[in-house]
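Along the sequence shown, the residues carry numbers beginning at 1.
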Amino acid sequence: MNKEEIKKYIDATLLTKQEAMRVTGQNIKGFDQTVTSGNLKPFYDHGEGRSRVRLYHRDDVEAYARQAEKRRRETYKEIWTVVIDGHKRPVYSEDEARKMAEEASEYSDVYIEYYRAEDGQEAFLNPNGYGFESVNWAN
């Protein structure tokens with residue numbers, strides 16, 4: 001591989017910590033705990049202290065995010081997920097979901113997904129109420 005091919009590979013398949021956090025929908029504390037526990041391992045880890053560089057493979061991060069979503073669905077009675085430009089962000093209440101969606105209205109695509117564990121009901125929370133068809137919260 002030449003240098004350009006390596007750069008293309010890195011851009012297409014490796015994620016920074018911030019990018020991986022967006023994919024998993026975790027905050028920094030939760031993401032650090034995931035890495036410390038070994039549930040997600042860096043693909044590339046080099047250096048020490050403040051100069052340490054860790055990159056995560058997109059496939060590993062997406063697999064972990066799917067696994068975490070499945071665990072959330074089995075654990076909680078209701079799950080609220082705000083999807084902003086394709087990145088899922090779990091939240092803990094309808095109010096929190098509405099607030100995040102309204103604050104993210106400058107993005108191009110903003111949706112709120114709802115899941116009720118009791119009966120497996122999946123729907124969308126839209127600005128005008130619940131529905132089986134999604135409505136974009138973005139302006």
Side-chain angles (χ1 to χ4, degrees):
M1 291 179 95
N2 65 37
K3 288 182 182 181
E4 284 305 311
E5 291 172 326
I6 293 170
K7 285 180 186 179
K8 284 181 184 177
Y9 174 82
I10 289 170
D11 286 341
T13 59
L14 301 182
L15 303 173
T16 65
K17 180 178 183 175
Q18 290 75 22
E19 292 167 330
M21 286 170 46
R22 277 195 300 271
V23 171
T24 63
Q26 293 176 297
N27 61 25
I28 192 164
K29 184 177 177 183
F31 187 82
D32 287 345
Q33 183 178 356
T34 298
V35 173
T36 301
S37 68
N39 290 324
L40 183 62
K41 295 181 172 133
F43 178 80
Y44 178 79
D45 189 349
H46 180 77
E48 295 180 17
R50 293 177 58 114
S51 65
R52 187 175 202 172
V53 174
R54 285 182 171 173
L55 298 174
Y56 301 87
H57 198 283
R58 181 179 302 279
D59 292 345
D60 296 341
V61 173
E62 289 174 350
Y64 175 78
R66 284 189 301 274
Q67 180 185 25
E69 175 67 18
K70 183 179 179 201
R71 269 194 318 275
R72 277 192 293 275
R73 284 178 176 248
E74 293 168 353
T75 303
Y76 299 105
K77 291 180 180 179
E78 296 179 331
I79 298 173
W80 304 90
T81 307
V82 181
V83 183
I84 302 172
D85 286 344
H87 300 289
K88 292 187 173 195
R89 297 178 171 124
V91 294
Y92 298 101
S93 70
E94 179 178 342
D95 290 340
E96 189 179 355
R98 283 180 179 277
K99 182 179 178 188
M100 184 182 287
E102 289 165 358
E103 290 173 354
S105 64
E106 73 273 6
Y107 290 90
S108 58
D109 292 313
V110 181
Y111 302 97
I112 299 175
E113 297 174 347
Y114 170 74
Y115 174 79
R116 186 172 55 216
E118 176 180 80
D119 58 4
Q121 179 67 55
E122 294 184 42
F124 293 94
L125 176 60
N126 297 318
N128 59 349
Y130 291 91
F132 294 109
E133 298 293 323
S134 61
V135 175
N136 194 346
W137 286 71
N139 290 335

Run the numbers on T34 and T24 for side-chain contact (heavy atoms from CB on, under 4.5 Å), then give the verdict. CA-CA 10 Å; T34 298; T24 63; over 6 Å; no

Over 12 foreign heavy atoms within 6.0 Å of CD, Q33: no

Between Y114 and W80, does the ring centroid distance fall short of 6.0 Å? yes

Which pairs count as salt bridge (Lys or Arg N to Asp or Glu O under 4.0 Å) when at least one residue sits in residues 92-102, sequence neighbours excluded? E94-R98

side-chain contact (heavy atoms from CB on, under 4.5 Å) assessment of N136 paired with V110: CA-CA 5 Å; N136 194 346; V110 181; 4.1 Å; yes

So OH of Y115 and CD of E78: to nearest 0.5 Å the spacing works out to 11.5 Å

Scanning both residues in full, the closest heavy-atom pair of A123 with G131 reads CB-O, 3.6 Å

Mind checking side-chain hydrogen bond (donor to acceptor under 3.5 Å, both in side chains) for D119 and listing every partner two or more places apart, or none if nothing turns up? R116

Does one hydrophobic cluster hold both W137 and F124, with members joined at side-chain heavy-atom distances below 4.5 Å? no

Kindly compute the distance separating CE (M100) from CD1 (I84), expressed to the nearest 0.5 Å. 6.0 Å

Y107 and V91: same hydrophobic cluster, using ILVMFWY side-chain contacts below 4.5 Å? yes

Side chains of T13 and D59: any donor to acceptor distance under 3.5 Å? no

L55 and I28: same hydrophobic cluster, using ILVMFWY side-chain contacts below 4.5 Å? no

Strictly by salt bridge (Lys or Arg N to Asp or Glu O under 4.0 Å), give each pair with a member in residues 31-44 just once, sequence neighbours left out. K17-D32

Evaluate E19 against V61 for side-chain contact (heavy atoms from CB on, under 4.5 Å), listing each step before the verdict. CA-CA 10 Å; E19 292 167 330; V61 173; over 6 Å; no

Please identify each residue that fulfils side-chain hydrogen bond (donor to acceptor under 3.5 Å, both in side chains) with S37, with sequence neighbours left out. N39

Let me confirm one number: the NE2-CG distance from H57 to L14, rounded to the nearest 0.5 Å. 6.0 Å

Would you say CD of E5 has more than 12 non-hydrogen atoms from neighbouring residues, nucleotides or ligands within 6.0 angstrom? yes

Looking only at non-hydrogen atoms, find the nearest pair between E4 and N2 and report the distance. N-OD1, 3.0 Å

Closest non-hydrogen atoms of P90 and G25, given as atom of the first, atom of the second and distance, are CD-O, 3.3 Å

Scan residues 84-103 for pairs that pass ring-ring contact (aromatic ring centres under 6.0 Å, His included), counting only residues two or more places apart or in two chains. none

How far apart are the closest heavy atoms of I112 and A97, and which atoms are they? CD1-O, 3.5 Å

M1 reachable from I10 in the ILVMFWY side-chain graph, under 4.5 Å edges: yes

Chi angles and distances behind the side-chain contact (heavy atoms from CB on, under 4.5 Å) call for D60, L40: CA-CA 7 Å; D60 296 341; L40 183 62; 4.0 Å; yes

d(R89 CZ, M21 CE) to nearest 0.5 Å is 10.0 Å

Could you note down all residue pairs passing salt bridge (Lys or Arg N to Asp or Glu O under 4.0 Å) where residues 46-57 supplies at least one of them, sequence neighbours left out? D45-R52, D45-R54

Report the distance from atom OH of Y111 to atom CG of N126, rounding to the nearest 0.5 Å. 9.5 Å

Parallel, tilted or perpendicular: which one describes the rings of Y9 and F43, with boundaries at 30° and 60°? tilted

Proximity of Y56 and F31 rings by center, below 6.0 Å: yes

